[in-house]
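One-based numbering, in listed order, for ligands and for the atoms of each.
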Amino acid sequence: MSNFGETTTTDEVLEGMDISGKRVFITGGNSGLGLETGRAMAARGAHVILAGRDQAKLDEAVASIESENPDAIVETIICDLGSLDSVRHCGETARNRFESIDILINNAGVMACPKMQTADGFEMQFGTNHVGHFLLTKELMPLIGKGRDKRIVNLSSRGHHIAPANLDDPNFEHTDYDPWLSYGQSKTANILFTVGLEDRFADKGIHAYAVHPGGIQTNLGRHMTEEESAALVKRVTENDPDFSWKTIPQGAATQTWAATAPEIEGKGGVYCEDCHIAEIDDESSKGGVRSYALDKGNADRLWALSEQLVGERFAA
Ligand SMILES: NC(=O)c1ccc[n+]([C@@H]2O[C@H](COP(=O)([O-])OP(=O)(O)OC[C@H]3O[C@@H](n4cnc5c(N)ncnc54)[C@H](OP(=O)(O)O)[C@@H]3O)[C@@H](O)[C@H]2O)c1
């Protein structure tokens with residue numbers, strides 16, 4: 001096992017690793033952890049595809065990677081996860097442009113926004129963080145099946161401790177909306193999706209990993225006022241007196257590790273934090289994964305619901 005932990009950075013994870021030529025598709029690739037993951041992987045020769053919903057932001061992201069590494073192989077693709085049409089169009093474009101994808105990192109996310117809806121009428125956090133990625137993964141599966149690594153990394157969060165996924169009312173049609181409850185439920189869904197993928201695709205050599213990156217100051221907090229941010233930090237430090245912010249390279253390290261580490265090959269369907277596989281823990285607020293997020297029955301129910309919402313089967 002590696003000595004990696006809380007303060008390990010992306011570059012440290014990849015040190016000495018040959019990832020040249022690997023094709024890595026990263027959603028939310030224009031900002032924060034996605035951009036840093038793309039930068040670090042491109043620096044070691046990977047072929048990076050940054051997906052995002054705004055071409056100008058994607059161009060800026062590519063320029064920032066190329067300014068550090070003029071030889072970087074970085075492409076962009078438009079994908080608005082809040083629109084099933086956009087996700088399908090992205091899938092079709094990707095299948096026309098690429099022969100295979102080695103690693104898919106479902107990294108994009110929205111946190112604690114006011115009650116809003118996606119283009120298809122799903123509650124924004126559930127719709128973007130889970131449903132959009134569910135359909136995108138289905139769209140890209142033919143390419144992942146032809147890839148060498150066949151890994152899928154789903155960004156979750158310790159926020160999944162807030163609540164199980166509410167599969168009876170995922171879009172808050174009958175439940176009072178709470179931005180953190182919604183975020184927590186969507187991040188539980190990211191882990192259940194990981195379990196569902198592993199269950200259906202492991203026998204094809206495709207493995208899925210969920211990740212909590214840590215607490216990192218990125219654009220994710222854009223929907224919070226200063227008072228709300230301060231209240232969040234207070235809450236987090238009360239729960240975990242040892243809490244400290246990670247830098248962006250430290251925050252992106254666990255997803256980079258989950259995407260590449262040889263020691264977890266074939267061991268998918270798990271939740272990782274601080275560059276290791278977390279234990280099940282239904283009590284601690286300092287770490288670990290809740291058992292409801294790894295429950296196969298919940299994962300199957302979410303899978304069936306997601307198929308119904310996107311109107312398509314997604315099975316092996
Ligand atoms: N930062 C943390 O402390 C932390 C902790 C736990 C988990 N996470 C998870 O880590 C992941 C990355 O977050 P981050 O901290 O890097 O935040 P970030 O800097 O805000 O990046 C989020 C990315 O998601 C994209 N995105 C949002 N809505 C989208 C949509 N409808 N379609 C396509 N892309 C969309 C954003 O694109 P735009 O720029 O166009 O909005 C941005 O590229 C998220 O899944 C988050 O839940 C972060």
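Taking the six-membered ring where tryptophan is involved, the planes of Phe314 and Phe201 are tilted, since the angle between them lies from 30° to 60°.
Of the protein's heavy atoms, Asn30 ND2, 2.9 Å lies nearest to atom 39 (O) of ligand 1. Of the protein's non-hydrogen atoms, Lys57 NZ, 3.4 Å is the one closest to atom 38 (P) of ligand 1. Looking only at protein heavy atoms, the nearest one to atom 12 (C) of ligand 1 is Asn107 O, 3.3 Å.
Looking at Ser186 and Asn129, their side chains do bring a donor and an acceptor atom within 3.5 Å of each other. Between the side chains of His130 and Ser306, a donor-acceptor pair is found at a separation under 3.5 Å.
At under 3.5 Å, a nitrogen or oxygen of Lys187, whether backbone or side chain, sits near a nitrogen or oxygen of ligand 1. For the pair Ser157 and ligand 1, the shortest N or O to N or O distance does not fall below 3.5 Å. By the 3.5 Å distance cut-off applied to N or O atoms, Leu220 is counted among the residues near ligand 1. Ligand 1 has no N or O atom lying under 3.5 Å from any N or O atom of Gly29, backbone or side chain. The shortest N or O to N or O distance between Leu81 and ligand 1 is under 3.5 Å.
Heavy atoms of Arg222 come nearer than 4.0 angstrom to ligand 1 in at least one pair. Not a single heavy atom of Met111 sits less than 4.0 Å from an atom of ligand 1. Ligand 1 lies nowhere less than 4.0 angstrom from a heavy atom belonging to Gly52. Distances from ligand 1 to the non-hydrogen atoms of Gly214 include at least one value under 4.0 Å. Not a single heavy atom of Ser86 sits closer than 4.0 Å to an atom of ligand 1.
For ligand 1, the atoms lying closer than 4.0 Å to a non-hydrogen atom of Gly215 are 3 (O). Contact atoms of ligand 1 toward Gly28: 23 (C), 24 (O), 25 (C), 43 (O) (distance under 4.0 Å to a heavy atom of the residue). Every atom of ligand 1 is numbered from 1 in the order shown, and the set under 4.0 Å from a heavy atom of Ala108 is 24 (O), 25 (C), 26 (N), 34 (N), 35 (C), 45 (O). The ligand atoms of ligand 1 that sit less than 4.0 angstrom from a heavy atom of Thr128 are 28 (N), 29 (C), 30 (C), 31 (N).
Proximity of the aromatic rings of Phe126 and Phe134 is defined here by a centroid distance below 6.0 angstrom, and this criterion is not met.
Using a 4.5 Å heavy-atom cutoff, the side chains of Phe193 and Thr137 are in contact.
The residues Glu92 and Arg88 are annotated as not salt-bridged, no charged nitrogen and carboxylate oxygen being separated by less than 4.0 angstrom.
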